[in-house]
S.K.: 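Here you go, one structure.
The model shown is predicted, which means the values in this text are computed figures rather than measured ones.
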Amino acid sequence: NWNISHDLPEYALSGTYKVRKLRITRGDLDDLDIIASTINSKGFESNVSLQNSRQDIVNPVLQSISDFTITGNDGDDATNIIVSFTASIIEENLKEVRIFIRYPGGADKDFIGVINSDGSVSFSVELDPNASSGDYLIDRFIIVDLAGNSVTYSNQELSNAGLNNKWILD
């Protein structure tokens, strides 16, 4: 006899959860992967229905983005340029907040925010001391909560909402 259990997030959605594959690790031997149809053919269930009264079905909402603070843009090759800002988000159970910055030349780079105890999220974007002059856009702003709800704002959506969505580096 054996039993398999998996802890879901406290705010996991109600619904049917499916076992798609079972992996048995055997130390120095090869792992065994057992697919759902094999599990079912042996008389075992590969689905479980869950009702969670604490489920979180509400997407997080980006409320504001502060002004951008730029430091280190002093022409000194030894000093990185730092762009800092804070975002306010309506969500009590944040997992991760990530932004993708579009550089003036068209390249994208992602940065992960720091979730503060007051629920705000701080960003510190570090740029090379010789970073190109021009517009730096928040190309995508992605918010994920502990229940797995996720929302992505494009630069245009940020602009349409009247939120800060770019800074200019001289």
Side-chain angles (χ1 to χ4, degrees), residues 1-68 83-102 107-126 136-167:
N1 289 346
W2 50 277
N3 185 7
I4 297 174
S5 64
H6 177 73
D7 291 332
L8 294 172
E10 181 178 357
Y11 302 102
L13 299 177
S14 295
T16 301
Y17 287 79
K18 300 177 182 182
V19 175
R20 293 181 298 204
K21 180 170 52 172
L22 176 65
R23 173 170 284 155
I24 300 171
T25 56
R26 304 184 303 161
D28 293 338
L29 300 173
D30 292 341
D31 293 346
L32 294 176
D33 288 335
I34 303 171
I35 60 174
S37 60
T38 303
I39 294 169
N40 291 335
S41 73
K42 301 295 181 190
F44 296 101
E45 290 292 323
S46 60
N47 298 333
V48 63
S49 292
L50 170 71
Q51 293 298 319
N52 185 359
S53 62
R54 300 188 72 193
Q55 73 177 335
D56 176 0
I57 57 172
V58 179
N59 282 338
V61 176
L62 177 59
Q63 190 171 32
S64 67
I65 298 175
S66 72
D67 290 336
F68 301 104
V83 180
S84 304
F85 64 96
T86 303
S88 295
I89 298 170
I90 300 173
E91 174 61 54
E92 294 179 10
N93 303 297
L94 289 173
K95 179 179 180 183
E96 180 180 88
V97 181
R98 178 183 302 255
I99 57 171
F100 285 80
I101 300 298
R102 165 103 11 113
D108 270 1
K109 183 172 181 188
D110 67 314
F111 298 87
I112 297 175
V114 174
I115 301 169
N116 302 311
S117 60
D118 66 358
S120 66
V121 180
S122 299
F123 289 92
S124 182
V125 176
E126 188 171 323
Y136 286 76
L137 307 177
I138 300 177
D139 191 41
R140 284 172 285 161
F141 197 112
I142 303 168
I143 308 167
V144 181
D145 69 16
L146 291 174
N149 299 309
S150 177
V151 64
T152 300
Y153 295 89
S154 69
N155 183 270
Q156 188 62 54
E157 290 169 323
L158 295 174
S159 178
N160 291 349
L163 298 173
N164 289 324
N165 64 338
K166 70 176 183 176
W167 68 85

S.K.: Which distance, rounded to the nearest 0.5 Å, do you find between the CG of N47 and the NZ of K18?
M.R.: 6.0 Å
S.K.: Does any part of the side chain of V58, heavy atoms only, come nearer than 4.5 Å to the side chain of N149, both counted from C-beta?
M.R.: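 Counting from C-beta outward, N149 and V58 never come under 4.5 Å.
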S.K.: Just how far is it from atom NZ of K109 to atom CD1 of I99, taken to the nearest 0.5 Å?
M.R.: 11.0 Å
S.K.: Could you measure the distance from the CD1 atom of I143 to the OG atom of S150? Nearest 0.5 Å is fine.
M.R.: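 If I round to the nearest 0.5 Å, the distance is 8.5 Å.
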S.K.: If the condition is side chain to side chain contact (heavy atoms under 4.5 Å, CB included), which residues does D30 pass it with, not counting sequence neighbours?
M.R.: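 Partners of D30 by the side chain to side chain contact (heavy atoms under 4.5 Å, CB included) criterion, ordered by chain and then number, come out as R26.
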S.K.: With distance as the sole test, does Q55 use its side chain to make a donor-acceptor pair with the main-chain N or O of S14 at under 3.5 Å?
M.R.: yes
S.K.: Evaluate the criterion side chain to side chain contact (heavy atoms under 4.5 Å, CB included) for residue pair F100 and I142; output intermediate values, then yes/no.
M.R.: CA-CA 8 Å; F100 285 80; I142 303 168; 3.7 Å; yes
S.K.: For Y153, give me all partners under ring-ring contact (aromatic ring centres under 6.0 Å, His included), at least two apart in sequence or on another chain.
M.R.: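 Residues passing ring-ring contact (aromatic ring centres under 6.0 Å, His included) with Y153: none at all.
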S.K.: Residues in salt bridge (charged side-chain N to carboxylate O under 4.0 Å, His left out) with E126, at least two apart?
M.R.: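 E126 satisfies salt bridge (charged side-chain N to carboxylate O under 4.0 Å, His left out) with no residue once adjacent residues are dropped.
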S.K.: Once rounded to the nearest 0.5 Å, what's the spacing between atom CD1 of I24 and atom CD1 of I34?
M.R.: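 The CD1 atom of I24 sits 3.5 Å away from the CD1 atom of I34.
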S.K.: In chain order, what residues pass the side-chain hydrogen bond (donor to acceptor under 3.5 Å, both in side chains) check against T152, with sequence neighbours excluded?
M.R.: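 With neighbours one apart ignored, the set is empty.
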S.K.: Side-chain contact, heavy-atom cut-off 4.5 Å: L62 with F141?
M.R.: yes
S.K.: Taking all non-hydrogen atoms of both residues into account, name the closest pair between F111 and S124 and its distance.
M.R.: CD2-O, 4.4 Å
S.K.: Please round to the nearest 0.5 Å and tell me the distance separating atom CD1 of I138 and atom CG of N164.
M.R.: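 CG of N164 is found 7.5 Å from CD1 of I138.
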S.K.: Salt bridge (charged side-chain N to carboxylate O under 4.0 Å, His left out) with E10: which residues, sequence neighbours excluded?
M.R.: R54
S.K.: Let me confirm one number: the OH-CG distance from Y136 to N165, rounded to the nearest 0.5 Å.
M.R.: 15.5 Å
S.K.: Give a yes or no on this: more than 12 heavy atoms of other residues, nucleotides or ligands lie within 6.0 Å of atom CD of E96.
M.R.: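 Yes, because the 6.0 Å sphere around CD of E96 holds more than 12 heavy atoms from other groups.
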S.K.: Test of understanding: with side chain to side chain contact (heavy atoms under 4.5 Å, CB included), list the residues that count as partners of R20, not counting sequence neighbours.
M.R.: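 R20 satisfies side chain to side chain contact (heavy atoms under 4.5 Å, CB included) with no residue once adjacent residues are dropped.
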S.K.: Give me each pair satisfying salt bridge (charged side-chain N to carboxylate O under 4.0 Å, His left out) with a member in residues 37-46, each pair once, sequence neighbours excluded.
M.R.: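 Listed once each, the pairs would be none.
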S.K.: Not counting sequence neighbours, which residues clear salt bridge (charged side-chain N to carboxylate O under 4.0 Å, His left out) with K95? List them please.
M.R.: none
S.K.: For residues 138-165, which residue pairs pass the salt bridge (charged side-chain N to carboxylate O under 4.0 Å, His left out) check, not counting sequence neighbours?
M.R.: R102-D139, D108-R140
S.K.: Who are the ring-ring contact (aromatic ring centres under 6.0 Å, His included) partners of Y11, not counting sequence neighbours?
M.R.: none
S.K.: Can you label the angle between the W167 ring and the F85 ring as parallel, tilted or perpendicular, going by 30° and 60°?
M.R.: tilted
S.K.: Would you list the atom pairs, donor with acceptor, under 3.5 Å between side chains in residues 112-122 and any protein atom, with sequence neighbours excluded?
M.R.:
| unit_1 | atom_1 | unit_2 | atom_2 | d |
| --- | --- | --- | --- | --- |
| N116 | ND2 | S120 | O | 3.3 |
| N116 | ND2 | S120 | OG | 3.0 |
| N116 | ND2 | S122 | OG | 2.8 |
| D118 | OD1 | S120 | N | 2.9 |
| D118 | OD1 | S120 | OG | 2.6 |

S.K.: Would you name the heavy atoms of V151 and P60 that are closest together and state the gap between them?
M.R.: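 Nearest heavy atoms, V151 then P60: CG1-O, 3.3 Å.
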S.K.: Which heavy atom of I65 sits nearest to which heavy atom of L163, and what is that distance?
M.R.: N-CD2, 4.1 Å
S.K.: Could I get the full list of side chain to side chain contact (heavy atoms under 4.5 Å, CB included) partners for L8, not counting sequence neighbours?
M.R.: H6, A12, Y17, L50
S.K.: Determine whether more than 12 heavy atoms belonging to other residues, nucleotides or ligands lie under 6.0 Å from atom CG of L29.
M.R.: yes
